[in-house]
Number of protein chains: 2
Amino acid sequence: MVKKPADPANGSAPVARQVPMRDFSRSLPMSLLRAREAVMRQFRPSLRQHGLTEQQWRILRALAAIEAVEVTELARTAFLLGPSLSRILRDLEARNLIERKTAKADQRRSMVSISKEGVKLMAAVAPNSEAIYAEITRRFGAHKLAELQEMLGELEHSLAGLGSADDTLAEG
Amino acid sequence: MVKKPADPANGSAPVARQVPMRDFSRSLPMSLLRAREAVMRQFRPSLRQHGLTEQQWRILRALAAIEAVEVTELARTAFLLGPSLSRILRDLEARNLIERKTAKADQRRSMVSISKEGVKLMAAVAPNSEAIYAEITRRFGAHKLAELQEMLGELEHSLAGLGSADDTLAEG
DNA sequence: GAGAGATGCTTAACATGTTAAATGAATGCG
DNA sequence: CGCATTCATTTAACATGTTAAGCATCTCTC
C-alpha cells in the first residue's frame, strides 16, 4: 500500500508546490492546537463520566472561587464568548448546577453563582482532575511546565493589541 | 464599579472555596487556549476576507503540498476529525476549490486534491498569512518561537499513549 | 465464494465557536 | 419627560468539535 511518488499524467492537477509556504504541520497554531488536544484528551473521559463538557467544567471552576459574578465577567474568566456562555448557563441552570438572579441595582445584569449541587459535583470531579494534572506534570516535568506557561504568557502578551482594529493587513 | 469583597448575608451561597483547586486561569489547558486564540486572532480577519475559515485554510494548505490524499490521511494532516472534514470537503467541493475522485483500486477510498481555483485562492491568501506570521515571529522573537515549539512538541510526546484506553482513573 | 468482520467515509445528533442582530434596561441630552 | 444611545444579555444562523451510528466496500477465513 505504498503511494506512488507522483503521476503527472493524471489529467487533474500537477498542482502541488505552486504556492510556497512554511511546512504546514510546524506552524505555531498547529503546534498549539496539537499540544492542547494532547492535554485535553487526558481530561475529557473523566469529565464525560460526570456528564460535563470541558467548557461546563471551566464555568463551574470559575464559579467555585467566588460568591457570584456577572455573565460578562464570567465570560472573560472562563474565556468563552457571550453566546456560548449564554447557552451553557441555560443548560447548567436546568441541571440545577448554578443559580441566577438579576442584580437589584441594574436589571440588565444577571448574577451567577454555583449551587449546592454544583459544589457536590465539583467535589466529585476535582480529585480526578488533580490527579491527571499531577501525572501530566510528572511526565513533562514541573520545571519545564512552568517554563512553558511562562512562554505562553509572553506570547500572548507580545500579541496584545495587534488584531483589534481592522488594519489594512489583508486583501492588499 | 468595584466588587464588594464579600457579602455572606446574601441568602444564596457562601459556597466559594469549598473545593480547593489550582488557580483556574493558570491551568495548562487555559494557557494553551489563550495563546492559540491570541495567535489565531491575527489570521482570522485575513482569511475571512477570502471567505475561508481557519479549518478550510488548513485543508487547502495541506492539499497544496501534494498531488492527492485519501480523506483519512488528510484528516490526520490537517488535524481534523473525520466528520468535520467530511462536511468541509463537501463545501469546498461545492465551491470548486477541491476535487474528488474515488480510487480505482479501492472504491471506498476517495482521493482529494486541490483544484486550479483552489491554487489561485491560496496564492491570493498566502502572502498575507506569511506577513502576519513574520510579524508574530518578529514580536515574539524567532529564537523563543523555536524554543516554544520545541517544548510544545515535547509536551505532546510526553503525553503520547496515556489517554488512549479507558483507564480506571475516574469515577472510582 | 459466501458470510463475518474490518475499513473508509458519511450522516446524525448534540455542544460549542463565531458573528450579527434582537431584546430589554439603563443613561444622557434636549 | 421623551427619545436616541449605550450597555448586558440573549437569540439566530452557520461552521466546527465530538461521539455514535449508518453504509458501502474490502478482506479473511472456511
Side-chain angles (χ1 to χ4, degrees), chain A residues 1 29 33-34 36-38 40-41 43-45 47-59 68-76 78-95 97-98 100-112 163-164 166, chain B residues 1 29 33-34 36-38 40-41 43-45 47-59 68-76 78-95 97-98 100-112 163-164 166:
Chain A
M1 292 300 186
L33 181 58
R34 279 199 300 249
R36 188 177 138 83
E37 179 54 30
M40 285 315 301
R41 198 192 330 280
F43 291 99
R44 263 191 280 267
L47 292 178
R48 193 155 199 277
Q49 289 192 327
H50 294 276
L52 288 175
T53 66
E54 173 194 337
Q55 292 82 358
Q56 293 169 343
W57 177 238
R58 284 220 298 275
I59 291 173
V69 255
E70 302 167 17
V71 172
T72 299
E73 192 190 337
L74 181 55
R76 199 169 37 241
F79 208 69
L80 291 169
L81 293 180
S84 294
L85 182 54
S86 201
R87 281 178 307 215
I88 301 175
L89 289 180
R90 165 168 50 70
D91 299 349
L92 291 180
E93 188 174 29
R95 287 167 65 183
L97 296 177
I98 66 164
R100 258 198 288 205
K101 56 179 179 181
T102 56
K104 305 124 196 148
D106 189 336
Q107 297 288 109
R108 292 171 304 181
R109 291 175 158 78
S110 153
M111 302 305 289
V112 184
S164 306
D166 51 327
Chain B
M1 290 303 186
L33 181 58
R34 279 198 300 247
R36 189 179 136 81
E37 179 54 30
M40 285 314 302
R41 198 193 331 278
F43 290 100
R44 263 191 279 267
L47 293 178
R48 192 156 201 276
Q49 288 193 326
H50 294 277
L52 288 175
T53 66
E54 172 195 338
Q55 292 82 359
Q56 293 169 342
W57 178 239
R58 285 220 298 276
I59 292 174
V69 254
E70 302 166 17
V71 171
T72 299
E73 192 190 337
L74 181 55
R76 197 168 40 240
F79 208 70
L80 292 169
L81 293 181
S84 293
L85 182 55
S86 203
R87 282 177 307 214
I88 300 175
L89 289 180
R90 164 169 51 69
D91 299 348
L92 291 179
E93 189 175 27
R95 287 167 64 182
L97 296 177
I98 66 163
R100 260 197 287 205
K101 56 180 179 180
T102 56
K104 303 123 197 148
D106 190 337
Q107 296 290 107
R108 291 172 306 182
R109 291 175 158 78
S110 155
M111 303 304 290
V112 184
S164 307
D166 51 329

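Letters A, B, ... mirror the listed sequences (proteins, then strands); counts begin at 1.
Test A:Leu85, A:Ile88, A:Leu80, A:Leu52 against A:Arg58 for side chain to side chain contact (heavy atoms under 4.5 Å, CB included) and you get one pass: A:Leu80.
Backbone-only engagement by B:Ile88 is indicated by non-hydrogen atom pairs under 4.0 Å involving sugar-phosphate atoms exclusively. Note on B:Leu80: only backbone sugar-phosphate atoms sit closer than 4.0 angstrom, heavy atoms only; bases stay farther off.
Taken to the nearest 0.5 Å, the CD1 atom of A:Ile98 stands 9.5 Å off from the CG atom of A:Asp91.
Listed nucleotides: C:dG17, D:dT10, C:dT10. Nearest to the side chain of A:Val71: D:dT10. Distances from the side chain of A:Arg44 to the nucleotides D:dT18, D:dC26, D:dT11 place D:dT18 closest.
D:dT11 atom P lies 7 Å from atom CZ of A:Arg90, rounded to whole Å. In this structure, CG of A:Leu47 is placed 15 Å from C1' of C:dT16, rounded to the nearest angstrom. One interatomic measurement links the two molecules: CG of A:Leu89 to P of C:dG17, which rounds to 12 Å at whole-angstrom precision. Between the C1' atom of C:dG8 and the CZ atom of B:Arg100 lies a distance of 12 Å, rounded to the nearest Å. Counting to the nearest Å, the P atom of D:dT19 and the CD atom of A:Glu37 are 8 Å from each other. Look at CZ on B:Arg58: it is 17 Å from P on D:dA15, rounded to the nearest Å. The distance from atom CZ of B:Arg41 to atom P of C:dT19 is 10 Å, rounded to the nearest whole Å. Atom CD in A:Glu70 sits about 17 Å away from atom P in C:dA25, given to the nearest Å.
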Can you list the steps and then say if A:Arg100 with A:Met111 is a side-chain contact (heavy atoms from CB on, under 4.5 Å)?
-> CA-CA 6 Å; A:Arg100 258 198 288 205; A:Met111 302 305 289; over 6 Å; no
Does the pair A:Ile59 and A:Val112 meet the rule for a side-chain contact (heavy atoms from CB on, under 4.5 Å), with working shown?
-> CA-CA 10 Å; A:Ile59 291 173; A:Val112 184; 6.0 Å; no
side-chain contact (heavy atoms from CB on, under 4.5 Å) between B:Glu37 and B:Arg44, worked out | CA-CA 10 Å; B:Glu37 179 54 30; B:Arg44 263 191 279 267; 2.6 Å; yes
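Both A:Ser110 and B:Asp91 lie near DNA chain D, and the one whose nearest nucleotide falls closer to the 5' end is A:Ser110. Nucleotides of DNA chain C nearest to A:Thr53 and A:Leu81 differ in position, and the one nearer the 5' end is that of A:Thr53.
A donor N or O paired with an acceptor N or O is found under 3.5 Å between the base of D:dC7 and the side-chain atoms of A:Arg108. A donor-acceptor contact under 3.5 angstrom links the side-chain atoms of B:Arg87 to the base of D:dG17.
OP1 and OP2 of D:dT10 both lie 4.0 Å or more from every side-chain N or O belonging to A:Arg109. Between A:Arg48 and the phosphate of C:dC14, there is no side-chain N or O to OP1/OP2 separation shorter than 4.0 Å. In this model, the phosphate group of D:dT16 is approached by a side-chain N or O of B:Gln56 to a distance below 4.0 Å at OP1 or OP2. Phosphate proximity of D:dG17 to A:Gln55: absent, as no side-chain N or O sits under 4.0 Å from OP1 or OP2. Contact annotation: B:Ser84 does not reach the phosphate of D:dT16 (side-chain N/O to OP1 or OP2, under 4.0 Å).
Judged by distance alone, with hydrogens and angles left aside, the side-chain atoms of B:Gln56 form a donor-acceptor pair with the main-chain N or O of B:Thr53 at under 3.5 Å.
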